[in-house]
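Remember, predicted model here, so these are calculated numbers, not experimental data. One is the number of the first residue; the rest follow in order along the sequence.
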Amino acid sequence: MTVHHELPTTTDFATLAGEHHPAITIYAATSPVVSERERAEVAVKSLFDEAIDRIRAGGAETSEVDALKTERDAVLADRSLWAGLSRSLAIFVAPGFSDVYVLPNRLDDAVHVGSHFVLGQLLRAPSQDQEAFAVTLSSNEWALWHALPTARAEQMPLDPDLPRNLDDAANRVPGDVGQRRQGGHGDRGTNEGDRRPEIHGIYAKRVADAVWHELHEHDPDGRVPLFVFAAEPLLSAFLDRAHNGRRVVGVQGGSDRLGAAEIDGALRQQLAQLNVNEAKSALADLADGSAGRVERDLAAIGRLAADGAVECLWFDFTTSVNGTLDQESGAIEFATEHGNGDALSDGRHAGDLLPELAMLVIARGGKVVTVRGDDLDDAVWDGPAMAELRFALT
């Protein structure tokens with residue numbers, strides 16, 4: 001058994017692609033929180049039992065069933081795996097084969113059996129943003145966090161001379177970061193209550209300037225989004241200082257007493273929504289202004305992908321269209337029942353075409369974005385896939 005704590009690579013997808021009959025694919029939501037690990041273990045065991053029962057009922061040989069049970073038992077018995085969970089597991093098991101991916105993004109619990117692994121949900125991890133910065137800002141404290149694709153959010157070190165909270169900011173001379181007033185609280189004067197809005201602005205400004213400085217050091221191109229968790233008026237005051245084209249998302253609400261696990265969970269949830277919003281926007285723009293550069297027919301997409309003509313492929317990971325794809329020519333042969341069957345008309349096993357198309361696009365230098373069709377506007381999405389071409393068809 002191989003356990004992966006990194007996002008899957010093109011080589012990993014190539015290993016998983018193709019026929020692995022009989023194959024079990026399991027996706028399960030998990031958590032790094034110790035108290036929730038037992039639920040995840042029970043869920044995975046239940047999904048394994050369901051899969052093996054379905055394979056046995058489908059007429060599999062006893063030796064195949066026993067081999068699958070051996071792989072299942074190895075996964076369930078691996079204490080190092082269950083001690084190092086993130087937010088999801090993707091498990092791929094066949095006789096003599098098992099790969100497990102520990103992933104940072106939330107996946108839907110699902111089990112699939114067939115001749116091929118179902119890779120749609122696995123493609124979500126590398127095809128969407130999985131890294132983010134976050135600011136938690138309140139009158140009592142503030143912190144800057146960094147969540148990586150393969151590690152949950154951790155607090156970043158900051159300059160100790162920066163104000164630690166609102167009261168600390170109020171006890172400093174405006175404009176002189178790091179310089180405290182002499183005399184402590186007794187020198188604030190009787191009108192400090194009247195200056196509270198001004199102090200909020202000074203505090204938020206100093207925090208924002210410190211954040212931009214740190215982010216420029218870590219991510220000078222502004223590629224990674226920033227989420228700001230704060231209540232008003234601090235949230236608006238901070239966002240007023242946003243600049244440099246970085247994607248910045250304000251999240252209204254208190255941020256006191258949130259630990260690393262809670263921050264990471266909130267970040268992943270916000271990242272998922274950001275990915276949905278950006279997919280909606282990109283698809284709407286494409287539908288409105290790219291005549292001749294959009295293709296929705298899967299057979300045509302296959303041929304264009306093989307020629308390296310697909311700039312970006314969006315596909316609905318909740319939908320399956322079965323068949324086979326020739327990786328050289330891009331030719332598609334659909335399974336029976338208009339792609340809903342498990343085999344071709346001659347009886348050969350069929351797999352899910354959408355992830356295979358996605359991997360072909362990636363191999364030819366294109367980009368892939370997974371979407372959930374139910375999240376998108378019917379006016380621009382009629383699924384199961386949509387391709388933006390490098391050049392308009394004439």
Side-chain angles (χ1 to χ4, degrees), residues 1-5 7-8 12 15-16 19-125 152 261 264-265 268-269 272 316-320 322 340 342 349 351-352 354-355 370 372 374:
M1 179 177 69
T2 304
V3 178
H4 304 262
H5 289 275
L7 296 183
D12 295 327
T15 300
L16 294 169
E19 189 169 330
H20 291 269
H21 185 74
I24 296 175
T25 304
I26 290 175
Y27 294 105
T30 60
S31 171
V33 179
V34 174
S35 60
E36 297 182 24
R37 290 177 185 165
E38 184 177 349
R39 186 217 70 84
E41 286 191 74
V42 171
V44 168
K45 183 179 184 305
S46 177
L47 293 171
F48 261 124
D49 290 344
E50 177 185 344
I52 290 173
D53 286 345
R54 287 165 57 183
I55 288 172
R56 183 188 292 112
E61 297 180 2
T62 301
S63 60
E64 293 176 323
V65 173
D66 289 343
L68 291 172
K69 287 181 178 180
T70 297
E71 301 298 339
R72 173 203 62 189
D73 293 345
V75 172
L76 295 175
D78 189 332
R79 290 299 92 194
S80 62
L81 166 64
W82 294 101
L85 296 179
S86 186
R87 299 190 62 77
S88 297
L89 283 177
I91 303 170
F92 306 94
V93 166
F97 179 95
S98 59
D99 263 11
V100 180
Y101 290 84
V102 180
L103 299 170
N105 55 310
R106 176 70 67 176
L107 301 179
D108 301 327
D109 285 2
V111 58
H112 307 273
V113 299
S115 59
H116 296 67
F117 295 128
V118 177
L119 304 178
Q121 286 212 70
L122 185 65
L123 275 161
R124 290 175 69 189
R152 72 181 186 184
D264 188 79
R268 303 297 175 185
Q269 183 178 20
D316 185 352
F317 71 87
T318 68
T319 300
S320 292
N322 294 333
N340 293 315
D342 294 327
H349 292 132
D352 188 355
L354 300 180
T370 58
R372 190 192 304 268
D374 290 345

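Note that NE2 of His116 and CG of Asp342 are 11.0 Å apart. Values are rounded to the nearest 0.5 Å. Taken to the nearest 0.5 Å, the CG atom of Leu76 stands 13.0 Å off from the NZ atom of Lys69. Taken to the nearest 0.5 Å, the OG atom of Ser115 stands 5.0 Å off from the NE2 atom of His349. Rounding to the nearest 0.5 Å gives a distance of 7.0 Å between OG of Ser31 and CZ of Arg106. Interatomic distance, CD of Glu64 versus CG of Leu68, reported as 7.5 Å (0.5 Å rounding).
One N or O on the side chain of Trp82 and one on the backbone of Val75 form a donor-acceptor pair closer than 3.5 Å. For Tyr27 (side chain) and Leu122 (main-chain N/O), a donor-acceptor pair under 3.5 Å exists by modelled atom type. A donor-acceptor pair under 3.5 Å links the side-chain atoms of Thr25 to the main chain of Val118, judged by distance alone.
Looking at residues two or more places apart in sequence or on another chain, you find a salt bridge (charged side-chain N to carboxylate O under 4.0 Å, His left out) between Asp49 and Lys45, Arg72. By the salt bridge (charged side-chain N to carboxylate O under 4.0 Å, His left out) test, Asp264 is found to be paired with Arg268, residues two or more places apart in sequence or in another chain being considered. Partners of Gln269 under the side chain to side chain contact (heavy atoms under 4.5 Å, CB included) rule, at least two apart in sequence or in another chain, do not exist in this structure. Not counting sequence neighbours, the partners of Phe97 by the ring-ring contact (aromatic ring centres under 6.0 Å, His included) test are His20, Phe117. Contacts of Arg37 classified as side-chain hydrogen bond (donor to acceptor under 3.5 Å, both in side chains), with partners at least two apart in sequence or in another chain: none. A search for side chain to side chain contact (heavy atoms under 4.5 Å, CB included) contacts involving Asp109 returns Ala28, Ala29, Arg39, not counting sequence neighbours. Contacts of Thr2 classified as side chain to side chain contact (heavy atoms under 4.5 Å, CB included), with partners at least two apart in sequence or in another chain: His4, Asp99. Here Glu41 pairs with Arg79 under the salt bridge (charged side-chain N to carboxylate O under 4.0 Å, His left out) rule; sequence neighbours left out. Taking the side chain to side chain contact (heavy atoms under 4.5 Å, CB included) definition, one finds that Ala51 meets it with Ile24, Val111, Val113, sequence neighbours left out. Scored by the side-chain hydrogen bond (donor to acceptor under 3.5 Å, both in side chains) test, Glu71 finds Ser98 as partners (sequence neighbours excluded). When the salt bridge (charged side-chain N to carboxylate O under 4.0 Å, His left out) test is applied to Glu50, the partners found at least two apart in sequence or on another chain are Arg54.
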Phe317/Leu123 under side chain to side chain contact (heavy atoms under 4.5 Å, CB included): CA gap, chis, key distance, verdict: CA-CA 8 Å; Phe317 71 87; Leu123 275 161; over 6 Å; no
Residues Asp352, Leu119; criterion side chain to side chain contact (heavy atoms under 4.5 Å, CB included); working and verdict: CA-CA 8 Å; Asp352 188 355; Leu119 304 178; over 6 Å; no
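Between Leu47 and Ala110 the shortest heavy-atom distance is CD1-O, 4.1 Å.
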For residues 84-96, run the donor-acceptor check on the side chains, cut-off 3.5 Å, and write out each pair with its distance to 0.1 Å, sequence neighbours left out.
{"from": "Ser86", "atom 1": "OG", "to": "Leu103", "atom 2": "O", "distance (Å)": "3.2"}
{"from": "Ser88", "atom 1": "OG", "to": "Asn105", "atom 2": "O", "distance (Å)": "2.5"}
{"from": "Ser88", "atom 1": "OG", "to": "Leu107", "atom 2": "N", "distance (Å)": "2.8"}

